Every structure is written in C-alpha cells, then in structure tokens.
Amino acid sequence: MKISVIGTGYVGLVTGTCLAETGNEVLCIDIDKNKVQQMQQGQVPIYEPHLDVLFERNIKAERLTFSTSLEEGITHGDIIFLALPTPEDEDGSADLSYVLGAAKDIAKLLKSYKVIVDKSTVPVGTAALVTHTIARQTKVPFDVVSNPEFLREGFAVDDFLKPERIVVGASSERAIELMKKLYKPFVRSGNPILIMDEKSAELTKYAANAFLATKITFMNEIANFCEIVGADVDKVRVGIGTDSRIGKRFLFPGIGYDGSCFPKDVKALHKSGKDAGYHFNILNAVIQVNNLQKTILMPRIDAYFKGDLNHKKIAIWGLAFKPETDDIREAPSLYMIDELLKRGAKIKAFDPEAMNNVKKKLGTQITYAQDMYDALTDADALVICTEWSIFRTPDFGKMKKQMETPAIFDGRNLYDLEEIKNEGFYYSSIGR
Ligand SMILES: NC(=O)c1ccc[n+]([C@@H]2O[C@H](COP(=O)([O-])OP(=O)(O)OC[C@H]3O[C@@H](n4cnc5c(N)ncnc54)[C@H](O)[C@@H]3O)[C@@H](O)[C@H]2O)c1
C-alpha cells in the first residue's frame, strides 16, 4: 500500500519506518527542512533503539522516502497518517492547531478517496472535527479514522512491530478494511485489532495514559508515607506487585511522572472532563501530587548544604526523561537544573543520548561531561534524574575518588540502601 505520514517525529518516524518494513511504500512529510534533509541523507534524527537498522534497510529498498511537501504526501498515500504534535495549551487542553491546520490543508489537496488517520493523541470528538474541517472544503470522498498510538519511547520499534493491541476507531467499512489489511502483518501472533467507534478510540488512549500516571502517582504517595513511618517502599512495591490484580509494572516511585505524554495527556483529559461538565477529582489529585513530587529532592539538597548552594559543584546523571531516549520534554532534570542554577550551583551533567538536546535548550548555563565519572570531578554532590542502565552498577570507589564529597540524591532509587551505606556515601532516595 502507499502510505503517507504527516509529522515525522518520535511517533511518525517509527510508524513510517515500521510500515515500510512490512512492504508498504511510505512517504514521510515534515515541516522541518533540516530534519527532512538529515533523513534524506540517511541519518535518523532521533535516538530510538533499533530504529537505525530498519531505517537504513527501507531507504535502501526505496520503500521509505522523505519530503517537506504536503502536496506530495497527499498525492502519494492511500492512507494518510497524522502524527503531529498535540502539546499542552495554556488552559491545559490539547492544542489541536497542528492537526486541524493539516486537515484544512489536506482538504485543498484531495483529488481522490483517502483515509486520514489520527495517530496523534487527540481529545474525544477530534475525528469528527477533522471530518468536518475537510468536508467543508471538498466534495472528494474520504474517511477519518482514529488510531491512537501506544508505543513507548525507548521500546518504540518493538512496540510498533509487536503491539499488544491496535485500536481502530472508525465507522466506514471501507476504511476499516484498509486498516485491517495494513496492520495484518503486525498481529500474526493473535493480538487483537480492536475496532470501535472514533470517540471510544480517542478516549482509550487518554484513559490508558491517565491510568498509568495515576498508578505511578499512587506509588509516589505510598513512598512519601513510607518515609514518614519508616517503611521501605521497595519492599511494599514487591509486596503489592506480586498480586496479579495489581501487577509489577508502573510501581516504581520517583520524582514524578514526566516526558512528552503523561503530563499533557492527564491535563488534557482533566480539561476535556471540565468542558463536558464532569470534574475528574482523581485526575485533579494526580496533577497536584505530581507537581509536588517533582520538587521533592530540592528541600533535601537545600538542607544538606544548609541552605547555601552558591558555587557548589553538582553532578547530574541523566537528562532524558527516561532511559533509552534522547527526549527531554518535561524531563525532571530540567526542573532540577533550573532550581540548582537559581541557587548559584555549578552543574556538570552527563547523559548517554540527551546532551545535545539539552545543549540546544540551555547552552553554556551548565557544562557537559565526557562520561559519567567526568561529571563527578570535584563534585559536592550527585543528583540522579534518569535510570540509565550504566548508572545502576557504577564503580563506587572511582566515584568517591572523583567527588569532593560522596553525597547522592537519587530520584530513581538505583542503589541498594545497605550497599551504598557500606560504600560510605551519604544517600537520599525516595520512600526508604
Ligand atoms: N512520543 C511518544 O512516546 C508518543 C506515544 C504515543 C502517542 N504520542 C502522540 O503522538 C503525537 C506526536 O508525538 P511525537 O512525540 O511524535 O511528536 P514530535 O514533536 O516528536 O513530532 C512531531 C513532528 O511533526 C512535525 N510537524 C509539526 N507541524 C507540522 C506540519 N504542519 N506538517 C508536517 N510536519 C509537522 C514536527 O516538525 C515534528 O517533527 C502527539 O499527539 C503525541 O501525544 C506520542
């Protein structure tokens, strides 16, 4: 099949590449000229494990091409995916200007039947809005499908190639058949393609993200309570996680949920509720608790340095919002850096993949280390913001040699309490 993907970011590029991998001819469109040029030269513009191999293979096979021209995209694809940003608007709602703007432009370019697929995370009713926006300007037949994406950055290729389920919200049989044909190679092991109405599909995505954010937030509150009463959240986590009704995943406490999806999606669902006259009490609490959780390490750092961080050297390990990505959107490291800089601290940071993105944002406000140990040179303390695997089993002896004082503020609970104490570190973590 001929596929176009409009918006070639974390979701669009993975979608396009994986659809090319199953034999489709995919044209990826992006408004960012530099990004398109980079991709045309064979460079993957983001860090996503295993993407490079598929990317190269499909470019070589001429199944994966790139352009900045929306017109080319609309002419090329029988199915047109919209993988455009839906960032948080000022009032917490999802900003639909990218999606509706593209819909307007598509309407002017339609010459034959196309299926327009909302892959972006969009509020209930967006498929109807997109349909309305296009139908107002053209008599050419088309269908709009809601097909939310569930991939996780860091596992995106695997998630796309072997999805636990595919959600397709559509009312047109013709569009449903095309979507089933397109996704058939991805569900050979029997995972379902769930066909439903557009609104339910749109809400499924928000409900999934809001549920996961709630689960993390619940555990963060349990962790905070553990500290007050002297319990160990790690033990509680294992204790409840072995109950199959609860499950082991998404129970790790930390410095709040973050990244490019959870914060904006929880707020957007909360706002959708408000607009419809429904107050999501639980989401309101989740947002409040998470805002506090993000700040939880700072008072401890302040107390450790007796309120004087001026000229203190702080090492930061981890800048990406989670491991195995270079994405820094809503990363807790940015909050920590901001607070530490305000107090006059000097920061030297290390991240295996995200340093370039932070450099673009913060420039020379902080320094960037060659490796994780270089970040520790003469440091008065280390702050851990991302649980990259390489930080899990460091050479503690080497760390101590590098640091001025062996103090660690760990937002990700990487180390065993007993072990780190025996190594002679001052250690502050979450919920234990
Ligand atoms: N990142 C994730 O893990 C993830 C997972 C599931 C769903 N989503 C959702 O998918 C959507 C896209 O997210 P993302 O992380 O890929 O965003 P992104 O910012 O990485 O990518 C969006 C791309 O769209 C391009 N773009 C913007 N306007 C354009 C236009 N008019 N025409 C063509 N290209 C344009 C941008 O240059 C960018 O490359 C969002 O709704 C997000 O909530 C994201």
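Counting starts at 1 for both ligands and their atoms, following the listed order. Values reported hereafter were calculated over all heavy atoms of this structure, with side chains retained and with hydrogens, waters and symmetry mates removed. Because the structure is predicted, anything quoted here is derived from the model rather than measured.
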Using a strict cut-off of less than 4.0 Å between a Lys/Arg side-chain nitrogen and an Asp/Glu carboxylate oxygen, indicate whether [X] and [Y] qualify as a salt bridge.
{"X": "Asp159", "Y": "Lys162", "answer": "no"}
{"X": "Asp32", "Y": "Lys35", "answer": "no"}
{"X": "Lys348", "Y": "Asp374", "answer": "yes"}
{"X": "Glu202", "Y": "Lys199", "answer": "no"}
{"X": "Arg412", "Y": "Glu387", "answer": "yes"}
{"X": "Glu153", "Y": "Lys322", "answer": "no"}
{"X": "Asp91", "Y": "Lys271", "answer": "yes"}

So is [X] in contact with ligand 1, going by heavy-atom distances below 4.0 Å?
{"X": "Arg329", "answer": "yes"}
{"X": "Gly101", "answer": "no"}
{"X": "Ala102", "answer": "no"}

N/O of [X] under 3.5 Å from N/O of ligand 1, yes or no?
{"X": "Lys205", "value": "no"}
{"X": "Asp30", "value": "yes"}
{"X": "Tyr10", "value": "yes"}
{"X": "Val11", "value": "yes"}
{"X": "Gly12", "value": "no"}
{"X": "Thr121", "value": "yes"}

Nearest protein heavy atom to [atom], by residue and atom, and its distance?
{"atom": "atom 28 (N) of ligand 1", "value": "Tyr98 CD2, 3.5 Å"}
{"atom": "atom 5 (C) of ligand 1", "value": "Leu151 O, 3.6 Å"}
{"atom": "atom 34 (N) of ligand 1", "value": "Ile31 N, 3.2 Å"}
{"atom": "atom 41 (O) of ligand 1", "value": "Thr86 OG1, 2.6 Å"}
{"atom": "atom 6 (C) of ligand 1", "value": "Glu149 O, 3.2 Å"}
{"atom": "atom 24 (O) of ligand 1", "value": "Gly7 CA, 3.4 Å"}
{"atom": "atom 1 (N) of ligand 1", "value": "Glu153 OE2, 2.7 Å"}
{"atom": "atom 21 (O) of ligand 1", "value": "Gly9 CA, 3.1 Å"}

Geometric cation-pi criterion, [X] with [Y]: 6.0 Å, 45°:
{"X": "Arg174", "Y": "Tyr113", "answer": "yes"}
{"X": "Arg165", "Y": "Phe150", "answer": "yes"}
{"X": "Lys359", "Y": "Tyr368", "answer": "yes"}

Inset, instruction - For ligand 1, indicate whether the residue Ala83 contacts it via side chain, backbone, both or neither (heavy-atom separation under 4.0 Å). - result: backbone

Inset, instruction - Could you see which bit of Ser120 sits under 4.0 Å from ligand 1, with heavy atoms only: side chain, backbone, both or neither? - result: both

Legend entry - Under 3.5 Å side-chain donor-acceptor pair for Ser120 and Asp118: no

Legend entry - Any side-chain donor near an acceptor of the partner, Asp275 and Ser272, under 3.5 Å: no

Atom indices of ligand 1 within 4.0 angstrom of [X] heavy atoms, with elements:
{"X": "Lys35", "result": "38 (C), 39 (O)"}
{"X": "Lys264", "result": "42 (C), 43 (O)"}
{"X": "Pro85", "result": "22 (C), 24 (O), 27 (C)"}
{"X": "Ser260", "result": "1 (N)"}

Inset, instruction - From the options Asp265, Thr204, Thr214, select the one residue that forms a side chain to side chain donor-acceptor pair (under 3.5 Å) with Asn209. - result: Asp265

Legend entry - Side chains of Met372 and Ile390 in contact at under 4.5 Å (non-hydrogen atoms): yes

Inset, instruction - Run down the list Asp95, Leu84, Thr325 and name the one with the heavy atom closest to atom 30 (C) of ligand 1. - result: Leu84

